[in-house]
*Asks:* 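I'd like to ask you about the structure that follows.
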Amino acid sequence: MLGAIEAGGTKFVCAVGDEKGTINDRIQIPTTVPEETIPKVIDFFKQHPIDAIGIGSFGPIDVNQESHTYGFITSTPKPGWRDYPFVQTLTAAFSVPVGFNTDVNAAALGEVTLGAAKGLDSCLYITVGTGIGAGAIVQGKLLQGLSHPEMGHILVRRHPDDEYKGRCPYHHDCLEGLASGPAIEERWGDKGMNLVDSAKVWELEGYYLAQALMQYVLILSPKKIIVGGGVMHQKQVFPYIYRYLQEFVNHYVVLPDLSEYIVNPGLGDDAGIKGALILAHQELEKA
Ligand code: ADP
Ligand code: ZN
């Protein structure tokens with residue numbers, strides 16, 4: 001039996017199951033402060049005989065196994081979670097192998113193993129929600145270098161008519177600053193889900209996301225692009241993404257049919273938690 005944690009900024013999802021994506025039990029816990037949230041996580045797993053745990057976490061996190069802060073959540077502005085020893089806390093409670101990666105890397109792993117990119121050796125998973133982040137599988141493995149990628153914070157070219165300042169606390173008008181759910185809400189004065197009929201909202205969103213996807217395509221050349229997160233429930237963004245991506249790429253590289261190339265997650269909202277089960281399995285195999 002494997003344990004999985006999808007640690008998000010608003011909620012933790014915990015599940016037990018197997019590497020085929022079967023989930024036998026799951027719970028949701030609000031993300032407050034570690035002293036409150038983590039004991040509930042531990043209580044849940046104490047009810048199940050688990051052999052390993054996989055964590056897909058909000059970040060930034062330290063995934064460098066050589067580092068003395070490996071397994072920590074690092075520079076998050078979220079109160080109480082900065083410099084939190086996530087892996088160490090679970091290892092102390094369960095004495096089982098613990099796999100640790102970002103939420104989007106876990107989702108990418110879930111999608112390449114069981115979802116929309118099943119059978120491929122590369123894919124990109126991007127979430128557009130409270131924040132923007134992406135993870136990539138390259139040559140069958142999660143892409144990692146000095147640390148994990150932070151693809152949500154790339155710079156994009158501003159639309160000439162867009163005067164919104166952007167809301168990334170670090171970069172103001174990076175991709176996340178201009179195109180996250182909270183950026184949409186602040187720019188247009190209402191939540192995305194209440195702006196369904198406003199075409200210019202979704203055209204601008206597609207304009208920024210297409211720029212980002214162009215860069216990911218040119219740098220990583222993924223075989224499939226999976227777009228998840230709350231904002232991407234707005235299906236009307238997709239035609240704008242396709243149109244602007246075609247326009248920006250301008251036939252320089254040959255892309256597959258975009259409606260099959262850029263898709264919603266095959267695992268729906270379970271990409272992250274099922275990916276965390278696979279992280280747990282990988283860690284068990286290593287042990
Ligand atoms: P999180 O990123 O916190 O895990 P979500 O992916 O649901 O959660 O992202 C939340 C953000 O996405 C909020 O800014 C919210 O307004 C926006 N959002 C959620 N659902 C929708 C929707 N159906 N349409 C447009 N925006 C949405
Ligand atoms: Zn940023």
Side-chain angles (χ1 to χ4, degrees), residues 6-13 15 21 23 26 28 30-31 56 58 102-112 114-118 123-136 151-152 156 159 162 164 166-168 174-213 216 222 224-245 257-276:
E6 186 185 16
T10 47
K11 64 177 194 297
F12 271 51
V13 179
I23 291 179
R26 71 194 290 163
Q28 252 191 51
T31 311
F58 71 91
T102 61
D103 44 7
V104 281
N105 271 347
L109 193 59
E111 286 292 316
V112 84
L114 305 164
K118 190 174 170 182
C123 76
L124 181 103
Y125 178 94
I126 173 172
T127 181
V128 187
T130 305
I132 299 184
M151 291 187 253
V156 288
H159 193 283
D162 185 14
Y164 173 57
R167 61 170 293 139
C168 173
C174 66
L175 176 69
E176 177 175 298
L178 292 174
S180 67
I184 294 173
E185 183 174 349
E186 193 172 66
R187 178 192 289 107
W188 302 103
D190 204 347
K191 284 189 185 303
M193 63 184 83
N194 302 325
L195 296 165
V196 180
D197 298 323
S198 187
K200 60 178 194 234
V201 171
W202 307 110
E203 178 167 358
L204 188 65
E205 186 69 10
Y207 175 82
Y208 288 126
L209 293 177
Q211 289 188 50
L213 296 188
Y216 306 149
K224 190 75 106 179
I225 295 178
I226 297 145
V227 214
V231 172
M232 297 315 298
H233 288 127
Q234 298 296 330
K235 302 279 187 240
Q236 68 270 33
V237 190
F238 282 85
Y240 293 114
I241 294 176
Y242 300 154
R243 193 182 94 201
Y244 279 115
L245 185 61
D257 175 356
L258 293 187
S259 63
E260 284 173 27
Y261 183 49
I262 302 170
V263 298
N264 279 132
L267 301 175
D269 292 334
D270 281 346
I273 195 69
K274 291 189 176 176

*Asks:* For the atom pair CD (Glu185) and CZ (Arg167), what is the distance rounded to the nearest 0.5 Å?
*Replies:* 8.0 Å
*Asks:* Supply the atom-to-atom distance Ile225 CD1 to Leu213 CG, rounded to the nearest 0.5 angstrom.
*Replies:* 5.0 Å
*Asks:* Closest approach of Leu195 and Trp188, non-hydrogen atoms and distance?
*Replies:* CD1-CB, 3.8 Å
*Asks:* Is there a donor-acceptor contact under 3.5 Å from the side chain of Lys11 to the main chain of Glu6?
*Replies:* no
*Asks:* Roughly how far, to the nearest 0.5 Å, is CE of Met232 from OG1 of Thr127?
*Replies:* 9.5 Å
*Asks:* Strictly distance-based, threshold 3.5 Å: is any side-chain N or O of Gln234 a donor or acceptor partner for the main-chain N or O of Val196?
*Replies:* no
*Asks:* State whether the side chain of Asn264 and the backbone N or O of Ile226 hold a donor-acceptor pair below 3.5 Å, judged by distance alone.
*Replies:* no
*Asks:* So does Ala134 get a backbone contact from the side chain of Tyr216, meaning a donor-acceptor N/O pair under 3.5 Å?
*Replies:* no
*Asks:* If you count heavy atoms of other groups shown closer than 6.0 angstrom to CG of Asp162, is the number above 12?
*Replies:* yes
*Asks:* Any chance you could measure Ile273, atom CD1, to Asp103, atom CG, to the nearest 0.5 Å?
*Replies:* 11.5 Å
*Asks:* Quick check against the 3.5 Å criterion: does Tyr208 have a side-chain atom that pairs as donor or acceptor with the backbone of His159?
*Replies:* yes
*Asks:* Does the side chain of Thr130 come within less than 4.5 Å of Ser180's, by heavy atoms?
*Replies:* no
*Asks:* Evaluate side-chain contact (heavy atoms from CB on, under 4.5 Å) for Leu245 paired with Ile262, printing each intermediate quantity in order.
*Replies:* CA-CA 11 Å; Leu245 185 61; Ile262 302 170; 3.6 Å; yes
*Asks:* Do Val13 and Arg26 come within less than 4.5 Å of each other through their side chains, counting heavy atoms only?
*Replies:* yes
*Asks:* State the NE2-CG distance between His233 and Asp269, to the nearest 0.5 angstrom.
*Replies:* 4.5 Å
*Asks:* Please answer whether the main-chain N or O of Leu209 pairs with a side-chain N or O of Tyr240 as donor and acceptor at a distance below 3.5 Å.
*Replies:* no
*Asks:* Is it the case that atom NZ in Lys235 sees more than 12 heavy atoms from other parts of the structure closer than 6.0 Å?
*Replies:* yes
*Asks:* Between Pro265 and Glu111, what is the shortest heavy-atom contact and its length?
*Replies:* CB-OE2, 3.4 Å
*Asks:* What heavy-atom pair brings Cys168 and Cys174 nearest, and what distance separates the two atoms?
*Replies:* CB-SG, 3.5 Å
*Asks:* Identify the heavy atoms of Trp202 and Ile184 that sit nearest to each other, and give their distance.
*Replies:* CZ3-CD1, 4.1 Å
*Asks:* On a heavy-atom basis, which atom in Pro222 and which in Leu124 lie closest, and how many Å separate them?
*Replies:* CB-N, 3.9 Å
*Asks:* Please evaluate residues Arg187 and Leu178 with respect to the criterion side-chain contact (heavy atoms from CB on, under 4.5 Å), reporting the C-alpha separation (whole Å), side-chain torsions for both, the decisive distance (0.1 Å), and the verdict.
*Replies:* CA-CA 9 Å; Arg187 178 192 289 107; Leu178 292 174; 3.9 Å; yes
*Asks:* Between Ile23 and Ala15, what is the shortest heavy-atom contact and its length?
*Replies:* CG2-CB, 4.0 Å
*Asks:* To the nearest 0.5 angstrom, please state how far the CG atom of Leu267 sits from the NZ atom of Lys118.
*Replies:* 9.5 Å
*Asks:* Glu176 side chain to Gly131 main-chain N or O, any donor-acceptor pair under 3.5 Å?
*Replies:* no
*Asks:* Say whether, by atom type as modelled, one donor and one acceptor occur between the side chain of Thr31 and the main chain of Gly8 under 3.5 angstrom.
*Replies:* yes
*Asks:* So, Glu186 versus Tyr164: side-chain donor-acceptor pair below 3.5 Å or not?
*Replies:* yes
